[in-house]
Amino acid sequence: MKLVVFLLLLQVSGFVDSRCFCQVTGELDDCTCDVETIDGFNNEQLFPKLQTLLESDYFRFYKVNLNKPCPFWTASSHCGLRDCAVTPCSPNEVPEGIVSPSHNKYSAEANEKMAECEKAQHLGAVDVSLSDETKEALQDWSKYDEEAERFCVVDDEGSPDSQYVDLLLNPERFTGYKGLEAWQIWNSIYEENCFKPYTINRPLNPDSFHSSSVGDARNFYSWLEGQCVEKRAFYRLISGLHASINIHLSARYLLDDSWFQRKWGHNVSEFRQRFDSELTAGEGPKRLRNLYFLYLIELRALAKALPFFQQQTFHLYTGRPEEDKKHKEQLLQIVQLARSFPLHFNETSLFSGDNKEAAKLKEDIRLAFLNISRIMDCVGCFKCRLWGKLQTQGLGTALKILFSEQQIEALSVSSNQRPSFKLNRQEIVSLLNAFGRITTSIRELKNFRSMLAEER
């Protein structure tokens with residue numbers, strides 16, 4: 001009881017801030033980078049450039065199906081809070097080039113050239129015509145092959161229930177969505193998809209800020225350190241994503257809800273509640289370190305995708321040629337900047353053991369993340385569901401890129417072969433916007449540090 005009173009006095013007096021719990025420093029586990037290098041690179045160089053690009057039409061419009069039923073349990077109801085609502089675009093708000101049904105518009109020219117080459121190669125050769133049944137079977141096989149490479153569900157773009165959403169008009173922020181249903185989402189993610197046995201208790205349950213025993217924390221981290229680097233990395237990615245989302249909610253919190261105004265801004269108390277080591281049984285700083293780990297993974301994926309984006313036949317197609325050309329140049333500048341980062345995560349350390357065992361482990365992790373992407377359809381708050389689906393899809397696309405190195409390196413403008421590595425518009429938009437959310441989190445940490453320093 002005395003300890004509780006003491007902590008309350010610390011909060012009231014402001015001395016709690018002096019612990020600098022959000023001043024995460026030093027090298028990160030399982031990689032050679034340090035957080036100071038990331039802060040400087042992100043806040044001074046990459047963040048402002050990426051935010052400008054994400055305001056362009058190609059990246060601000062995201063097609064999503066928010067009406068898919070939860071595949072795992074019966075959801076009680078959708079969130080009735082007004083801030084949970086998502087406003088879809090009207091047909092005339094989305095550029096015609098984006099709405100056009102042509103498949104992979106940015107690579108249409110490449111498809112035509114390859115088709116001509118293939119036709120020329122077949123002249124004078126044996127009859128290679130296929131029956132309609134065989135063509136349909138080949139399409140099914142091709143679709144199966146593409147699905148086998150994905151780490152997340154990408155089925156929204158072609159769905160008749162999908163709608164375009166302007167991400168700038170539906171920003172991620174605190175909506176008031178919490179309680180048992182929100183807890184169930186994170187609990188399912190951590191307990192059922194992070195390879196953790198039920199006998200090992202997490203140090204602190206998501207969205208629950210009650211103290212846990214020292215023994216729970218000790219047992220959990222002893223178990224985690226005993227896992228292979230791939231499973232440790234998987235847990236840290238999920239924890240980092242969770243931390244990033246919590247930073248967004250703390251940075252865009254509803255501070256004033258009166259009849260004449262609604263004001264959104266930084267809620268330092270909410271940030272403390274989610275990350276202060278004293279208020280989270282020591283878990284807050286660990287979550288922030290996992291955020292930096294997530295940043296390195298998505299930064300590395302973006303850098304490795306450079307050959308794909310450099311293809312002459314790749315376009316950010318909206319139907320406005322001059323703007324499209326300008327935005328592709330901006331994208332290439334950002335990806336080249338990402339590639340210049342001096343301390344990239346080395347993904348070659350992953351899945352490097354016995355080929356058979358490595359392949360099984362990779363498939364287990366792919367299926368686990370695929371499952372997490374499906375859980376997003378169980379989120380009751382539509383705005384939370386929108387950003388949850390986008391960010392998991394973006395991270396899934398990043399993982400797809402990281403483990404498609406050979407296919408990406410084989411890309412060549414002059415090649416007559418149809419490329420084996422592809423990204424559709426949905427994957428590209430989610431990849432950049434998801435990374436944009438992570439870069440925003442790193443930048444917001446700087447803002448919260450400044451606010452905490454001012455309160456001392």
Side-chain angles (χ1 to χ4, degrees), residues 22 24-43 46-47 50 54 151-152 172 186 189-190 193-195 206 224 227 229-251 271 274-275 283-305 334 338 341 343-347 349-350 365-366 368-369 372-373 375-376 387-403 427 430-446 448:
C22 61
V24 182
T25 61
E27 290 190 0
L28 299 169
D29 298 334
D30 294 324
C31 52
T32 59
C33 190
D34 59 87
V35 298
E36 291 83 0
T37 300
I38 295 174
D39 281 339
F41 176 79
N42 180 76
N43 299 340
L46 195 146
F47 172 79
L50 181 56
L54 295 181
F151 283 74
C152 58
E172 183 182 25
W186 285 112
I189 290 173
Y190 282 109
N193 297 281
C194 286
F195 307 100
L224 187 63
Q227 299 304 298
V229 64
E230 293 85 0
K231 290 184 178 180
R232 285 203 309 270
F234 186 85
Y235 170 81
R236 296 181 67 195
L237 288 177
I238 301 306
S239 175
L241 179 60
H242 192 186
S244 180
I245 291 172
N246 281 335
I247 292 174
H248 303 155
L249 304 186
S250 301
F271 179 78
R274 295 174 186 270
F275 296 105
E283 285 302 297
K286 292 185 178 68
R287 294 170 177 171
L288 294 178
R289 295 183 73 82
N290 291 337
L291 165 66
Y292 281 92
F293 182 78
L294 172 63
Y295 180 94
L296 287 177
I297 293 293
E298 296 206 10
L299 179 71
R300 179 60 169 164
L302 191 62
K304 289 182 75 70
I334 290 170
F341 184 71
L343 297 172
H344 271 294
F345 177 80
N346 182 10
E347 73 283 356
S349 63
L350 303 177
I365 288 178
R366 188 186 74 84
F369 196 83
I372 290 174
S373 73
I375 293 175
M376 292 302 105
W387 286 100
K389 287 170 75 73
L390 182 145
Q391 290 175 83
T392 53
Q393 187 176 93
L395 178 53
T397 302
L399 294 175
K400 171 184 173 179
I401 292 170
L402 282 181
F403 304 122
E427 291 173 309
S430 64
L431 173 69
L432 271 294
N433 273 283
F435 186 54
R437 295 279 76 206
I438 307 304
T439 65
T440 299
S441 295
I442 300 294
R443 182 62 179 81
E444 290 293 0
L445 279 181
K446 180 180 179 180
F448 277 115

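Because only heavy atoms are used, hydrogens play no part in the values below, and waters and symmetry mates are left out as well, while side chains stay in.
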Phe293 six-ring face occupied by Arg236 cation (under 6.0 Å, within 45°): yes
Closest non-hydrogen atom pair, His242 against Tyr190: ND1-OH, 3.0 Å
Working for ring-ring contact (aromatic ring centres under 6.0 Å, His included), residues Phe275 and Phe448: CA-CA 11 Å; Phe275 296 105; Phe448 277 115; 8.4 Å; no
Non-hydrogen atoms of Leu50 and Gly436 that approach each other most closely: CD2-CA, 3.7 Å
Least distance between heavy atoms, Arg287 atom then Arg274 atom: NH1-O, 3.0 Å
Side chains of His248 and Thr440, donor plus acceptor under 3.5 Å: no
Asn290-Tyr235 side chain donor-acceptor pair, cut-off 3.5 Å: no
Minimal non-hydrogen separation, Ala434 against Leu395, with atom names: CB-N, 4.4 Å
Test item: His344 side-chain N/O and Leu296 main-chain N/O as donor-acceptor pair under 3.5 Å: no
Arg366 side chain reached by Lys400 side chain, heavy atoms, under 4.5 Å: no
Whether Ser244 side chain and Gly240 backbone form a donor-acceptor pair below 3.5 Å: no
Side-chain donor-acceptor contact under 3.5 Å, Arg443 with Asn43: no
Ring pair (Phe, Tyr, Trp, His ring centres under 6.0 Å) against Phe195, all qualifying residues, sequence neighbours excluded: Phe234
Ser430/Gln393 under side-chain hydrogen bond (donor to acceptor under 3.5 Å, both in side chains): CA gap, chis, key distance, verdict: CA-CA 6 Å; Ser430 64; Gln393 187 176 93; 3.3 Å; yes
Which atom of Ile238 lies closest to which atom of Cys194, heavy atoms considered: CG1-SG, 4.1 Å
Closest non-hydrogen atom pair between Leu291 and Ala243, with its separation: CB-CB, 4.4 Å
Results of ring pair (Phe, Tyr, Trp, His ring centres under 6.0 Å) for Phe369 - residues two or more places apart only: none
